[in-house]
Amino acid sequence: MKEFPNKYKPAQAESECLDRWAKDEAFKWDPTAPADSDYVIDTPPPTVSGALHIGHIYSYTQADILARYFRMSGRNVLYPIGWDDNGLPTERLVEKVKKVRGGTMAREEFVALCREVIPPYEQQFRDLFGRIGLSVDWSREYQTISDESRTISQMSFLDLHEKGLLERRLEPTLWDPADRTAIAQAEVEEIEREGKLNQIPFQIEGGGEPAVIATTRPELIGGCGALMIHPEHPRAKELVGKRAISPLYNVPVPIIADEAVDPEKGTGIVMCCTFGDVQDINWFRAHRLPLRVVIDRAGKMKETLEIGSDDWPTLDLARAQSTIEALAGLKAEKAKAQILEILKDEGLLLKQDTTHQVVPVAERSGAPLEIIVTPQWFIKTLEYKDQILEKGREITWRPEYMRQRFESWVEGLKWDWSISRQRHFGVPLPVWYSKRAGEEGRIIVPGADELPVDPTTDLPKGYEAHEVEGERDVMDTWATSSVSPQLNTRAISETYAVGDYETHKRLFPMALRPQAHEIIRTWAFYTIVKALHHERAIPWKNIAISGWCLASDGSKMSKSKGNVIDPIKLLDEHGSDVVRYWTGTSRLGHDTALSPNTLGQGKRLVNKLWNAVKLAHMSLSGTSITPTSARADLEAGHIVHPLDKWLLGRLSETVKRASEAFEDYEYAQALRVAEDFFWRTYCDNYLEMVKHRTRFEGEPDAGERSALYTLHHASVTLIRLFAPFTPYVTDVLNDIMLGNDTTDPRTVHARGEWPRQDDQIDPDALRARGDTFVAILAAARKVKSELQVSMRAEVESLTISGGEGDIETLIGETVEDIKAVTNARQILRAEHAPDGAPSALSPDERFTVTLTMVPAAEEG
RNA sequence: GGGCGCGUAGCUCAGUUGGUUAGAGCACUACGUUGACAUCGUAGGGGUCACAAGUUCGAAUCUUGUCGCGCCCA
């Protein structure tokens, strides 16, 4: 037997375990095991450009708790890890750190900067994830920008392109003027703010009362292509069919009736510009309105407009030109102020109401979005909504109500998924455009064997440099991270595979996607879209959604509030086991406040577990028992004492309940069950009952041997019940329990280490006998507590009175144990409680326990 | 505005198909150093389960409504 250190030292345990797990490659997936034992986890590769956050610990640890359980329970767990290290978020970090603008630098130079800046940030994540004990297979670590990841992402592109699910279109697109790139709907955030609703008159061609429109974006008047009016509007009959003249530009535009106009809002007449919002696009298409772009890619008013042409006539060109000049180069917000000034001066601002408006902004830059017509690559989603929803329903959501978020997102989709970004650092779109005579503009894609390609430097087969133009755009970061399952199976389809397609078929769909709820509309959604489009499949059978970590007062952690807790400091202060315990107490989907109480509770548990095993170890060291399993040792006659059988029965029940909870992904329930048994049944009662049988000289008798077997089985089983939550202390304890002479120093976290139900004994074994014993003990404690004497105070006689006749049977074989625990000289049975001595009713109210104390003077 | 979740002890939370007297930890009170643990133990006080109505022999649990908090989507 090994030495038992007096105290548990978390820092030392963590570094020892991490070294050992790494050396033994303890968490490697075994490709030779039968496929039906596979349990594959699609771990989200975190964006390494974000700050380390306590939410990372929270969410990833909850996944690890499940991973450790499933592995211990016998599954062949494949638990990969990767880092998302490219795309817009990464570029923004590099721009901030290096104080540069990607858009104004040479591509190669900027990419080189990115490759220089990112590694230390990635290392921070690697360190943190290692330290919290993620049992990932580090040999499979990947980066989303690596050659292989680029190859697989480009394969995804080629597969979708081939299937007609991905195409290049010139159309109105969501545009972030700050980062100067197209973005997708998922990257839009809607902020609420106060705005001004301006009433502006349009003269009617041929005279008459002007049509007064209401708009929050007067700077777009130049882009007006029509006025829209609800058919039920009082002036509809009079106006529809006539033309209105836009102020300042004097462009005649048709007045069109459309039910989409809100008659309650503003004046009930609005202008349709190209483009102010999604409604404008609908009208533009429905009524075939002219495209009149007034804002450029930087979000500034264009210097020149095609105004005065046939498509864009004006009744007063000089007037239009002077308006264009007055606004040229101004950002939208400034142009708005400027044009309002002009309108006001000319008496054309009839009314200005303060209004509450919802402004779409780019999630990353915070800039108000524009809708600009540019050529972009789109993955078709709108016409597949039903199929996407269908796939969502084939996946088990944990908790189930989180699917609601997914469904409402899919139902609200208004845009196909634009995956092209006008940026530098990302996976290149594998496309060239031909300049060869006769096929100008033809799209050329590489073959699978040519990947990865960079079309800005590589050439398609059979073409020379002057014959093609390589695509300069890169992929949306989600376009690459949404193939995280395929990055691990190393194949998109039978045609597009880097590795062996059989492996892909074996591992996909995966068992589990763990992630937090704020990325349902991105990560979960996009991954489901890709799996549907590539193979008409679901990517995973289960999706487990973790909640958010809140500050201890229940508010959101944020830099602006200054209540952000540094995860490293938290781990330094409490140790990983304790922090993991905290994450294990809250259920999937539930937000949880970072609670000092709960951390304290974890600390107490780790300490208590250490000491409980230490106590068992003290008795076991130096003895020569050879335990196998509880059931076998019972059947072999090694375990004979009724209280031992009772304890192991209760333990067996605990194992069963914890296993069932884990199978339901209710790890917090499993923890609660294990903790309750450990603290109340095992420590508070059983260990007190058994102590007297562990203090023997020489060779143990049958009852004492029975105690040793029981202490062994209880210890190793408890270590396993807590192992998924507190991996370090349990592995150190397991190592000590194994002793020196083992030839197979397996970690307690190895596959198959979870207690097997077959090895347990009957959960109901001697339940009544043990429970009666506990009730007697509780009553005796109550008496002593009321007498304000020590629990060790000597008792002349303990009398059990009342109750049914079966109490005799129940206590029969345990009289010596009752004497030992209560420190009583004799145990008596009586019909009525003796007079004049302190007594207490048992908690189950079946009987009374009376203590006749030994006078203090006689004690000794 | 639509949807989802949550309101249980001073605090953080359990309470899984409706079923004795609603639980745990912390905090509080009193006591006890007992051969693993004072990072401990024992005993105790503390709740109209947000509110209201309904279904039922029986409701924290089911239904409806109201109020409050949070989130998602418009």
> Can you measure E518(A) atom CD to C73(B) atom P for me and round it to whole angstrom units?
11 Å
> If only side-chain N and O atoms of Q357(A) are considered, is one of them under 4.0 Å from the OP1 or OP2 phosphate oxygen of A74(B)?
no
> Can you give one letter per nucleotide of nucleotides 36-46 of chain B, 5' to 3': B if a protein heavy atom sits under 4.0 Å from the base, S if only from the sugar-phosphate, - if neither?
BB-BSSBSS--
> Rounded to whole angstrom, note down the P distance from G19(B) over to A60(B).
9 Å
> Produce a footprint string for nucleotides 4-16 of chain B: one letter per nucleotide, 5' end first; B if the base is under 4.0 Å from any protein heavy atom, S if only the sugar-phosphate is, - if neither.
SS-----B-SSSB
> Please report the distance, rounded to the nearest Å, between CG in D676(A) and P in G23(B).
13 Å
> Any donor and acceptor pair, going by atom type alone, linking the side chain of K784(A) with main-chain N or O of A793(A) inside 3.5 Å?
yes
> Using whole Å, report how far CG of L671(A) lies from C1' of A24(B).
12 Å
> Give me the distance, rounded to whole Å, that separates U16(B) from G23(B) when you measure between the P atoms they each carry.
14 Å
> In whole Å, measure the gap between the P atoms of U66(B) and C73(B) for me.
25 Å
> Within the structure shown, what part of the strands sits under 4.0 Å from E189(A) by heavy-atom distance: base, sugar-phosphate, or nothing?
nothing
> Just checking E192(A): base, sugar-phosphate only, or nothing, at a heavy-atom cut-off of under 4.0 Å?
base
> Taking all atoms of both residues into account, what is the closest heavy-atom pair of S558(A) and N563(A), and its distance?
N-OD1, 2.9 Å
> Nearest heavy-atom pair of A775(A) and P843(A): which atoms, and what distance?
O-CD, 3.6 Å
> Closest nucleotide of RNA chain B for T694(A) versus for L787(A): which of these residues is on the 5' side?
L787(A)
> Would you check if the side chain of D844(A) reaches a backbone N or O of R846(A) as a donor-acceptor pair within less than 3.5 Å?
yes
> Between A74(B) atom P and D277(A) atom CG, what is the distance in whole Å?
14 Å
> Taking the C1' atom in each of U17(B) and C13(B), what is the distance between them to the nearest angstrom?
23 Å
> Given atom CD of E363(A) and atom C1' of C72(B), what is their separation to the nearest angstrom?
13 Å
> Using atom P in both nucleotides, what's the gap between C37(B) and U29(B) to the nearest angstrom?
26 Å
> What closest approach, in Å, do F678(A) and L718(A) show between heavy atoms, and which atom pair accounts for it?
CD1-CD1, 3.7 Å
> Over how many whole Å does the gap from W397(A) atom CH2 to C72(B) atom P extend?
15 Å
> Considering only atom P, compute the distance from A27(B) to U39(B) and round it to an integer number of Å.
12 Å
> Rounded to the nearest angstrom, tell me the gap between atom CD1 in I545(A) and atom P in C71(B).
18 Å
> Does the structure place the NZ or CZ of K608(A) under 6.0 Å from the centre of the six-membered ring of W679(A), at an angle of no more than 45° from the ring's axis?
yes
> Please report the distance separating the P of U20(B) from the corresponding atom of G58(B), rounded so that it comes out in whole Å.
15 Å
> Got a salt bridge between R217(A) and E370(A), using NZ or NE/NH1/NH2 to carboxylate O under 4.0 Å?
yes
> Kindly check if the number of other-residue, nucleotide or ligand heavy atoms within 6.0 Å of NZ (K265(A)) is above 12?
no
> With ring centroids as reference points, do F662(A) and F725(A) lie under 6.0 angstrom apart?
yes
> Relative to the ring of F406(A), is the ring of W397(A) parallel (under 30°), tilted (30 to 60°) or perpendicular (over 60°)?
tilted
> When the C1' atoms of G18(B) and C57(B) are considered, how many whole Å apart are they?
12 Å
> Could you check how far NE2 of H517(A) sits from C1' of G3(B), rounded to whole Å?
15 Å
> For the side chain of K819(A) and the backbone of Q826(A), is there at least one donor-acceptor N/O pair under 3.5 Å apart?
no
> Sub-3.5 Å donor-acceptor pair from the side chain of N823(A) to the main-chain atoms of R792(A), do we have one?
yes
> Output, in order, the C-alpha distance, side-chain angles, deciding distance and verdict of side-chain contact (heavy atoms from CB on, under 4.5 Å) for W548(A) and K556(A).
CA-CA 8 Å; W548(A) 269 349; K556(A) 224 162 150 178; 3.5 Å; yes
> Using the criterion of both pairing distances under 3.5 Å for Watson-Crick and G-U wobble pairs, give all stems of 3 or more consecutive pairs involving RNA chain B.
B:1-7 with B:67-73, B:10-13 with B:23-26, B:28-32 with B:40-44, B:50-54 with B:62-66
